[in-house]
Amino acid sequence: MIDLKQLRDDPDRFRKAAADKGIAVDIDDVLRFDAALREAQTELQSLVSEKNRIGKEIGALAGRLKKAPDSEKPALQQEMQRLQARPTEIKSREAELNAVVTDLEAKRLDLWLRIPQPADHDVPVGRDADDNIEIRRWNSPWFDTSRTFADNKGFAARSHVEIGKALNLFEFERGVKMAGSRSYVLIGDGMRLHNAVLRCAFDMMTSELGFTALSVPVLVREQVMIGTGFFPAGREQAYEVRETDRGGGYDLYLTGTGEVGLMGYHQDEILDAARLPLRYTTVSTCFRREAGAAGKDTTGLYRIHQFDKVEQVVICKADEAESRQWHQRMIGFVETLLQRLEMPYRLLQCCTGDLGPKNADMVDIETWMPSRGEVDERGLPRGAYGETHSASRLYDYQCRRLNIRYRDPDSGKPVVCHSLNNTVAASPRLLIPILELYQNGDGSVTIPRVLRPYMNGQERIG
RNA sequence: GGAGAGGUGGCUGAGUGGCUUAAAGCGACGGUUUGCUAAACCGUUGUACGGGCUAAUACCUGUACCGGGGGUUCGAAUCCCCCCCUCUCCGCCA
């Protein structure tokens, strides 16, 4: 959520920002509702103020009335009636104004929540993912993405789907039987490898990097979804559990990322400035409806409704330099992990059209997936980078919605925090490059060295 | 799931319709005193949203907030209704 005062001061900045992101929101309506609301509030408050003042007189009079001898009571009662006339009159106008204020507040909030965070000045303007700009690449010591898979490994690549089927690491049929399309079952070493990746990433964040591990709810109230910025814009992406239909007071929503729980944790708190920055990590199951993605990435483990993810978030002081520094660090943690896994990746600077409403800046990390991409003249896929991570820098947009602040040591005033988040490892999507890059000509798969401690020392599958 | 007790400021805790529109204590901050520390004494005290005046996030002023939402009333922490949460006991259970 943006700062309304900033909107009043410079509406053009937000008009342009929304246009750059390709998000339709009527800034003029927000300003109109805002102005009308404040006018109504002003009138309402002065009426209530008058009512309260008379109320005090009535209170004092009531006290005198109680102690007064009977002879004086009729006069006092008459005075009481006279005093009560004006508040009664105010009440009807107050009710009218209250209705107006409630209505305008709702209208203003509805639009306010939809005004996107302006992209930072150094984020390239663009329409969609095609306009993202590559920042840099890293190649594995033993796999050069500029050469074909066969040139790298000496045999033709099989897709993770084929590998998984041959080695019985996962299947889709029974997953679909139980839960519908985009559902799957991990089996045996497939499940073990999945856990190994997550554990490896989780241990790095906690033991090595000092992030605090939290296990957080993945079934949360609407307020947390709004606060973290996933609602209202992404409402159709979340599964909802309609508890109100069975008499409960609240509906609940399955979270699409651990970020929701990690950030919602401190909702409505004023944090101790001395304890910032807060660094949290979690491993959680993530649920996504993938509405609007029908027909897209329908094969394999790439786009699925349920997966597990190690996520990292940082909540820091409202300082642009510090925010930017953490963004780079958090990206660096992921690079370290991918380099340990010896898998080629690249960094993409996302353009304005690909940022989403809440980000000032976003860097995607894509890992090389040999089975993706166009098919060459021999009918073999050329391979392509596939998105595995996304590092967001949000300034105070998310923390303002969540109402997470700290007290500035100098002024003593509450200041809205900055927040950042980044994937550490999302699996089974990350199993795609692992299986495909580490496959051998004999059909087996070598287990990446860093994952072997989490596989009981096992070196190969199959 | 059943029964009961609760939810008041940073913390403890009083307050069962106005004469207290949240007492008192603790803590924190500022000051006085002091060779220094401690103590004592005096003072201050939250958040949000408006309005006024502005260079100002300074100052003045208003409204709201006693778990959340609604209601009764001239007036609600207090009375009524719904919901949420916590605790105790019972039941069930990974």
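In what follows, every chain begins at residue 1, and chains take the letters A, B, ... in the order their sequences are listed. Only heavy atoms go into these numbers, but all of them, side chains included; no hydrogens, no water, no symmetry mates.
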Original post:
Rounded to whole angstroms, how far apart are CG on A/Leu252 and P on B/rC84?
Top reply: 11 Å
Original post:
Given the P atoms of B/rU47 and B/rG10, what is the spacing between them in whole Å?
Top reply: 9 Å
Original post:
Of the non-hydrogen atoms in A/Lys309 and A/Arg288, which two are nearest, and what is the gap between them?
Top reply: CE-NH2, 4.1 Å
Original post:
Any donor-acceptor pair under 3.5 Å linking the side chain of A/Ser183 with the backbone of A/Gly180?
Top reply: yes
Original post:
Is it true that a side-chain atom of A/Tyr406 and a backbone atom of A/Ala318 form a donor plus acceptor pair closer than 3.5 Å?
Top reply: yes
**OP:** Pick the P atom in B/rA14 and in B/rG9, then give their distance to the nearest Å.
**Re:** 13 Å
Original post:
Using the P atom in both, what is the distance from B/rU8 to B/rC79, to the nearest Å?
Top reply: 16 Å
Subject >> Atom pair distance, as rounded to whole Å: CD1 in A/Ile270 and P in B/rG46 >> reply: 11 Å
**OP:** Starting from the 5' end of RNA chain B, give me the residue, A/Ser46 or A/Glu39, whose nearest nucleotide shows up first.
**Re:** A/Glu39
Original post:
Given B/rU57, B/rC85, B/rC74, which nucleotide is nearest the side-chain atoms of A/Lys413?
Top reply: B/rU57
**OP:** Give the rounded distance in Å between these two atoms: NZ of A/Lys5 and C1' of B/rU57.
**Re:** 9 Å
**OP:** Provide, to the nearest angstrom, the distance between the CG atom belonging to A/Asp408 and the P atom belonging to B/rU47.
**Re:** 12 Å
**OP:** Kindly indicate, with the supporting measurements, whether the criterion side chain to side chain contact (heavy atoms under 4.5 Å, CB included) is fulfilled by A/Glu259 and A/Phe230.
**Re:** CA-CA 10 Å; A/Glu259 174 194 343; A/Phe230 289 93; 3.4 Å; yes
**OP:** Between B/rC74, B/rG50, B/rC85, spot the one nearest the side chain of A/Lys91, thanks.
**Re:** B/rC74
Original post:
Using the P atom in both, what is the distance from B/rC81 to B/rA23, to the nearest Å?
Top reply: 29 Å
Subject >> Salt bridge flag under 4.0 Å for residues A/Arg15 and A/Asp28 >> reply: yes
**OP:** Provide, to the nearest angstrom, the distance between the CD atom belonging to A/Glu105 and the C1' atom belonging to B/rU63.
**Re:** 12 Å
Original post:
Base, sugar-phosphate alone, or nothing: which one does A/Arg400 contact when heavy atoms must sit under 4.0 Å apart?
Top reply: nothing
**OP:** Round to a whole Å and report the spacing from CG of A/Leu44 to P of B/rU61.
**Re:** 21 Å
**OP:** Between B/rG17 and B/rU78, how far apart are the P atoms? Round to whole Å, please.
**Re:** 11 Å
Original post:
Over how many whole Å does the gap from A/Asp268 atom CG to B/rG10 atom C1' extend?
Top reply: 16 Å
Subject >> Euclidean distance for C1', B/rG2 against B/rC49 (whole angstrom) >> reply: 44 Å
Subject >> Single hit among A/Leu254, A/Leu252, A/Val220 for side-chain contact (heavy atoms from CB on, under 4.5 Å) with A/Met225 >> reply: A/Val220
Subject >> Among B/rC49, B/rA64, B/rC74, the nucleotide that comes nearest once only the side chain of A/Lys51 is considered >> reply: B/rC74
Subject >> NZ/NE/NH1/NH2 to OD/OE distance under 4.0 Å, A/Glu89 and A/Arg93 >> reply: no
Original post:
Quick one: on RNA chain B, does A/Arg53 or A/Gln45 contact a more 5' nucleotide (nearest heavy atom)?
Top reply: A/Arg53
Original post:
Can you give the dot-bracket line for RNA chain B, where a pair is Watson-Crick or G-U wobble with both atom distances under 3.5 Å, crossing pairs use [ ], and | marks a partner on another strand?
Top reply: ((((((((.[[[..)..(.....]]]((((((.......))))))(((((((......))))))).[[[[[..)....]]]]])))))))....
**OP:** Considering just the side-chain nitrogens and oxygens of A/Arg38, establish if one lies under 4.0 Å of OP1 or OP2 belonging to B/rC49.
**Re:** no
Subject >> Student check: side-chain heavy atoms of A/Arg182 and A/Glu290 closer than 4.5 Å >> reply: yes
**OP:** Could you work out which one of B/rU47, B/rG50, B/rC74 sits closest to the side chain of A/Arg407?
**Re:** B/rU47
Subject >> Whole-Å P distance, B/rC65 and B/rG75 >> reply: 13 Å
Subject >> Between B/rG67 (P) and A/Gln267 (CD): distance, integer Å >> reply: 19 Å
Original post:
So, the side chain of A/Arg86 versus the backbone of A/Lys51: is there a donor-acceptor pair under 3.5 Å, distance only?
Top reply: no
Original post:
Quick one: is B/rA48 close enough that its OP1 or OP2 comes under 4.0 Å of any side-chain N or O from A/Arg405?
Top reply: yes
Original post:
Is the distance from OP1 or OP2 of B/rA64 to the nearest side-chain N or O of A/Asn52 less than 4.0 Å?
Top reply: yes
Original post:
Given the C1' atoms of B/rG25 and B/rA48, what is the spacing between them in whole Å?
Top reply: 28 Å
**OP:** Report yes if at least one side-chain N or O of A/Ser49 is closer than 4.0 Å to OP1 or OP2 of B/rU63; otherwise report no.
**Re:** yes
